[in-house]
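Just below is one structure, and these are the notes that go with it.
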Amino acid sequence: MKKIIFTDKAPAPIGPYSQAVLVGNTLYTSGQIALNPVTMELVLDTIENETKQVMENMKTVLAAANMTFDNVAKTSIFIMNMCDFARINTIYSQYFDEKTAPARETVQVAGLPKGVNIEISMVAVL
């Protein structure tokens, strides 16, 4: 049985999808972009601030399912420019303990919603 996860502390979906879906003990999140959940404006001034906003959005989605970054088993990171990888990784690494960090892939893509530079989705397990 699946349970839809929603929090008003993260940006509302901008299409026909849920912020996350819990199936058994596994949480599947939709990709988060750098929308400020209060203003619904994009945070695009620097890749560091954009990445931080994405991770903060994801933090609130995880919390809505009573989870934290410690529960994350897998992340998928989609970026517009692989040259931003090191700067993104610096911010991303602040949210995970390197010894217990989740599996991950990071891929450069041709385009992302609303012209953002990064989108991240996660799979977490209780």
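Cluster annotation: L27 and V125 are assigned to distinct hydrophobic clusters (Ile/Leu/Val/Met/Phe/Trp/Tyr, side-chain heavy-atom contacts under 4.5 Å, transitive). In the hydrophobic cluster analysis, where Ile, Leu, Val, Met, Phe, Trp and Tyr join through side-chain heavy atoms closer than 4.5 angstrom, V21 is grouped apart from M122. Clustering ILVMFWY residues whenever any of their side-chain heavy atoms sit less than 4.5 angstrom apart, transitively, puts V43 in a cluster other than the one holding I118. In the hydrophobic clustering of this structure, F78 does not group with V123; members are Ile, Leu, Val, Met, Phe, Trp, Tyr whose side-chain heavy atoms approach within less than 4.5 Å, directly or through other members. Placement of I14 and M58 in two distinct hydrophobic clusters is found when ILVMFWY residues are connected by side-chain heavy-atom separations under 4.5 Å, directly or transitively.
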*Dump the intermediate steps for side chain to side chain contact (heavy atoms under 4.5 Å, CB included) on E48 and T90, then the final yes or no.*
CA-CA 8 Å; E48 290 86 357; T90 297; over 6 Å; no

*asked:* I'd like to know whether K74 forms a side chain to side chain contact (heavy atoms under 4.5 Å, CB included) with E105, so could you lay out the CA-CA distance, the side-chain angles of the two residues, the decisive distance to 0.1 Å, and finally the verdict.
replied: CA-CA 8 Å; K74 175 84 165 57; E105 72 262 332; 2.3 Å; yes

_Verdict with supporting geometry, V107 and I79, side chain to side chain contact (heavy atoms under 4.5 Å, CB included)_ = CA-CA 6 Å; V107 295; I79 59 177; over 6 Å; no

*asked:* Applying side chain to side chain contact (heavy atoms under 4.5 Å, CB included) to Y92 and V54, what does each step give before you reach the verdict?
replied: CA-CA 10 Å; Y92 175 91; V54 170; over 6 Å; no

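In this structure a side-chain-to-backbone donor-acceptor pair under 3.5 Å is missing from S121 to T29. Checking side-chain atoms of N36 against main-chain N and O of T39 turns up a donor-acceptor pair under 3.5 Å. Side-chain N or O atoms of T100 include none that pairs as donor or acceptor with a backbone N or O of F96 at under 3.5 Å. Judged purely by atom type and a 3.5 angstrom limit, Q108 uses its side chain to pair as donor or acceptor with the backbone of M82. In this structure a side-chain-to-backbone donor-acceptor pair under 3.5 Å is present from N71 to T68. Under a 3.5 Å cut-off, the side chain of T46 and the backbone N or O of N49 do form a donor-acceptor pair. Put simply, the side chain of T51 never gets that close to the backbone of I88: no donor and acceptor are under 3.5 Å apart.
Taking the side chain as every heavy atom from C-beta outward, Y28 and V23 approach each other to under 4.5 Å. Within the 4.5 Å cutoff, no side-chain heavy atoms of Q94 are placed close to those of F69. The shortest side-chain heavy-atom distance between S30 and E119 does not fall under the 4.5 Å cut-off. With contacts defined as side-chain heavy-atom distances shorter than 4.5 Å, the pair K59/M55 does not qualify. Between P11 and Q32, some side-chain heavy-atom pair lies under the 4.5 Å cut-off.
Atom CD1 of I47 sits about 4.5 Å away from atom CG of N117, to the nearest 0.5 Å. Considering OG1 of T60 and CG of D8, their distance stands at 9.0 Å, rounded to 0.5 Å.
The two residues M80 and V116 come nearest to each other via the heavy atoms CG-O, 3.3 Å. N81 approaches C83 most closely through the heavy-atom pair OD1-N, 2.8 Å. Between V61 and Q19 the shortest heavy-atom distance is CG1-O, 4.1 Å. Across P113 and I33, no two heavy atoms sit closer than the pair O-CD1, 4.3 Å. Smallest separation of non-hydrogen atoms from I77 and R104: CD1-CD, 3.5 Å. The shortest heavy-atom contact between N57 and L35 is ND2-O, 3.0 Å.
Counting non-hydrogen atoms of other residues, nucleotides and ligands closer than 6.0 Å to NZ of K9 gives a total of 12 or fewer.
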